[in-house]
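Written below as structure tokens is the structure these notes are about.
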Amino acid sequence: QVQLVESGGGLVQAGGSLRLSCAASGRTISSYAMGWFRQAPGKEREFVGTITRTGGRYYADSVKGRFTIARDNAKNTVYLQMNNLKPEDTAVYFCAAKADLYYSSSYYYTGADYDYWGQGTQVTVSS
């Protein structure tokens, strides 16, 4: 079992930055691909980005060039650096973990791919 806890959300003005953290416990994240998703009010959950065990990254077009995912296996933590935030980035942000025993180079961008989820952290971007 992996427990995931997101933090770092808050209220920020458009154009600002936030860094979200996802702290894992129970197992080391070095054996997992990690992903970030978000859900805005009245909308379905959507993919934001993912990072493989070997550090490969893949992002949704809506955040490419503005968001960066990083992982620190020693700290058992994944980060989402969000720059140049826009009001449409307002959502609850979730991190997720997918067990990956074979160092896959595949990118996992659907929620059903993931085994564990955090409770989410609210990000609100004012215009």
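Positions are given from 1, in the same order as the sequence printed here. As a basis for the values below, the full set of heavy atoms in this structure was taken, side chains included, without hydrogen atoms, waters or symmetry mates.
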In this structure, are over 12 heavy atoms from other groups packed under 6.0 Å from R66 atom CZ? yes
To which residues is Y108 joined in a hydrophobic cluster, defined by side-chain heavy-atom contacts under 4.5 Å among Ile, Leu, Val, Met, Phe, Trp and Tyr, whether direct or through other members? F37, F47, Y58, V92, F94, Y107, Y109, Y114, W117
Any side-chain heavy atom of R38 sitting closer than 4.5 Å to one from S62? yes
I'd like to check L4 versus V2 (side-chain heavy atoms, cut-off strictly below 4.5 Å). Are they in contact? yes
Please check if the side chain of R53 supplies one atom and the backbone of D100 the other of a donor-acceptor pair under 3.5 Å. yes
Sequence neighbours excluded - side-chain hydrogen bond (donor to acceptor under 3.5 Å, both in side chains) pairs with any residue from residues 4-24: S17-N83
For a quick test of reading the model, state the closest non-hydrogen atom pair linking R57 to I69 and the distance between them. NE-O, 2.5 Å
Heavy-atom pair with the smallest gap, counting every atom of T90 and A40: O-CB, 3.6 Å
Decide yes or no for Q122 and Y93: does some side-chain heavy atom of the first lie under 4.5 Å from some side-chain heavy atom of the second? no
Under the side-chain contact (heavy atoms from CB on, under 4.5 Å) test, residues paired with N76 that sit two or more places apart: A24, T28, I29
Taking side-chain hydrogen bond (donor to acceptor under 3.5 Å, both in side chains) as the test, write out the residues that go with S105, two or more places apart. none
Could I get the full list of side-chain hydrogen bond (donor to acceptor under 3.5 Å, both in side chains) partners for K64, not counting sequence neighbours? D61
side-chain contact (heavy atoms from CB on, under 4.5 Å) partners for Q1, two or more places apart: Q3, Y116
Could you report the tightest heavy-atom contact between V78 and M34, atom names first, then the distance? CG2-CG, 3.5 Å
